[in-house]
Amino acid sequence: YRLTEGNPKWERKDLTYRIVNYTPDMNPADVDKAIQNAFKVWSDVAPLTFKRIYDGTADIMMSFEIGDHRDNSPFDGPNGLLAHAFQPGNNIGGDVHFDEAEFWTKGSKGYNLFFVAAHELGHSLGLSHSDDPGALMYPTYSYIEPNEFRLPQDDINGIQAIYGQSDGPIKPTGPTTPVTCDPKLTFDAVATLRGELLFFKDRYFWRKHSQIPEVELNFISLLWPNLPSGIQAAYENVEKDHVFLFKENKYWVLNGYELVYNHPKSIYDLGFPKNVKRINASYSDENSGKTYFFVGDKYWRYDENRQAMDQGYPRKIIKDFPGIGKNVDAVFQHDRYIYFFIGNRQYQFDPNVKRVVSVMKSNSWFNC
Amino acid sequence: FPVAPGTEDEDKNTQLVENYLRNFYKFEPEKQSPFKNKNTNPLTEKLKEMQTFFGLKVTGKPDVETLEVMKMSRCGVPDVGQ
């Protein structure tokens, strides 16, 4: 996190805000709710209260403005600049302006007002932009399902550096951005996609191409706003050019980078019994057309040609994959090996000799 | 004379880079001293600052990744100072 130059802050902890006008894009009640939730993001983690007033001058005046609105920081039409806010202080200090030329929403279409408001309020309270790509105070916009939003730890550290900890008995903590070369790095799921490797973790994924040394960390929502965070298993069916992504008892299908269906399908359509609530890991063997699903200490085998589960499954993982215990985090096949991820370790398994031939760090693909 | 292919795009990108650095990284080319060391290009230095902030490869050049980040929707508050 970074504090605004000169460390400006509000001297009072009980601040007022006023919504000066509304956008025609949204129902006024939804605007009120988005703004209220944005304030709550900060009042939950710092000893600050925000009271709404309806007349007169509030500490934080929030308005929708268009083009040059006479504050020396004109807006630029759709996209580009979305909003801005002023550091703590009198008059225009603390005020938040949203670009009315944007399409504001309470969901994933256009720009989500809650996120933008929460980010701008960070400036109103004295925070500058963070260089942590997972932080709310990172300068570029990215969408997260509002119900899944938790204020990242970087922002909590920032606001508490200015105002101290919240008065409540429970000290809130937030998610941290994964570090590519962290030796303790674990993954939720790994899959190939047209020659690239995708490593999923929380609301992020890394893209790695075997010919390119650099690895790229992105938000899942950057490419797929309709996908949830926390993908639990993934595999590529090279034949059909599909990538399957699993979370809980649902799955989504990609064709290249495009979602094939707008809505997820049920894993029970694949033939899983109802007592299977989620899949830990999966990979597909393109030579045999068999897909392997790992759940707890067992695995299922699915025939992609017949589109049905093979008979005689589930079987114990340890029986057919000696050296691989239970709770596989992620798995994928590359060349003649299968790579199992368990915690911060990666097991290179040779299916021909049926044994683990090498144990590596989970992030060995990232050239750390 | 006809405009050479690509020139228009290059001009647009140059404008994008200058505007971006002006808005968010205090880039003020008109304020550069004529006596300043000619070996350091202020635009390159500002680009490096921006690339470091966003965790990009620090080249000092407006490469594809850098231009992609500059085209992303964002907050209008500068990344450095006020």
Side-chain angles (χ1 to χ4, degrees), chain A residues 2-6 8 65 71-76 78-87 89 93 96-99 102-103 110-111 115-120 122-124 126-134 136-143 177 179-180 212-218 222, chain B residues 6 8-33 40-82:
Chain A
R2 291 172 189 210
L3 305 185
T4 302
E5 212 172 75
E65 309 281 355
D71 65 357
N72 207 26
S73 304
F75 284 134
D76 56 355
N79 305 312
L81 305 180
L82 305 181
H84 55 226
F86 295 84
Q87 65 183 56
V96 177
H97 298 160
F98 302 101
D99 186 354
E102 312 301 344
F103 182 60
Y111 295 104
F115 289 125
V116 177
H119 173 102
E120 296 306 331
H123 292 308
S124 303
L127 288 174
S128 187
H129 283 147
S130 170
D131 60 6
D132 179 340
L136 176 64
M137 294 313 294
Y138 196 62
T140 59
Y141 176 87
S142 64
Y143 176 76
T177 309
V179 178
T180 304
I212 303 169
E214 285 88 27
V215 63
E216 206 178 88
L217 178 67
N218 286 310
L222 186 73
Chain B
E8 213 172 316
D9 277 353
E10 280 167 26
D11 286 351
K12 271 187 195 164
N13 285 344
T14 309
Q15 200 58 47
L16 168 76
V17 170
E18 283 199 12
N19 284 345
Y20 189 94
L21 296 178
R22 208 188 286 263
N23 282 340
F24 305 116
Y25 288 86
K26 286 185 173 173
F27 175 57
E28 295 174 330
E30 60 276 13
K31 285 195 182 170
Q32 299 304 319
S33 160
T40 56
N41 180 340
L43 187 125
T44 306
E45 295 310 307
K46 284 291 174 192
L47 260 178
K48 285 182 178 171
E49 197 180 335
M50 178 260 175
Q51 289 165 332
T52 305
F53 182 90
F54 282 97
L56 300 165
K57 203 171 179 182
V58 182
T59 60
K61 291 175 186 156
D63 46 44
V64 177
E65 286 78 20
T66 304
L67 288 172
E68 264 178 27
V69 171
M70 286 183 172
K71 286 173 186 168
M72 284 173 145
S73 297
R74 54 161 293 155
C75 168
V77 173
D79 297 334
V80 287
Q82 286 296 300

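We use all heavy atoms of the structure for the numbers below, so side chains are in, but hydrogens, waters and symmetry mates are not. So you know, we letter chains A, B, ... as the sequences are listed, proteins then strands, and number each from 1.
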Problem - Proximal component of A:S142, with respect to chain B [non-hydrogen, under 4.5 Å] - result: neither
Handout entry: Distance (rounded to the nearest 0.5 Å) between B:R74 CZ and A:L82 CG
Key = 9.5 Å
Exercise for the section: Measure distances from A:L222 to the heavy atoms of chain B and classify the residue's part below 4.5 Å as side chain, backbone, both or neither. Expected result: side chain
Handout entry: chain B contact via A:P139 - which portion, at a heavy-atom distance below 4.5 Å
Key = both
Completion exercise
Shortest non-hydrogen pair, B:D79 vs A:S128, comes out as O-OG, 4.2 Å
Exercise for the section: With chain A as the partner chain, list the residues of residues 46-55 of chain B whose heavy atoms fall under 4.5 Å from it, by residue number, and write 'none' if nothing qualifies. Expected result: B:F53, B:F54
Fill in the blank from the handout: Comparing A:S130, A:G6, A:P133 against chain B, the one with the most heavy-atom pairs below 4.5 Å turns out to be A:S130
Handout entry: Options A:E216, A:R2, A:E102, ranked by heavy-atom pairs under 4.5 Å with chain B, top entry
Key = A:R2
Fill in the blank from the handout: With sequence neighbours left out, the residues meeting ring-ring contact (aromatic ring centres under 6.0 Å, His included) with B:Y25 are none
Fill in the blank from the handout: Applying a strict 4.5 Å limit to non-hydrogen atoms, the region of A:E120 in contact with chain B is side chain
Fill in the blank from the handout: If one checks every heavy atom of A:S73 against chain B at 4.5 Å, the contacting part turns out to be neither
Fill in the blank from the handout: Okay, B:K57 and chain A: the region with an atom under 4.5 Å from a heavy atom over there is side chain
Problem - Region of A:Y138 in contact with chain B, defined by heavy-atom distances below 4.5 Å - result: side chain
Completion exercise
Nearest heavy-atom approach of B:V77 to A:H129 is O-CE1, 2.8 Å
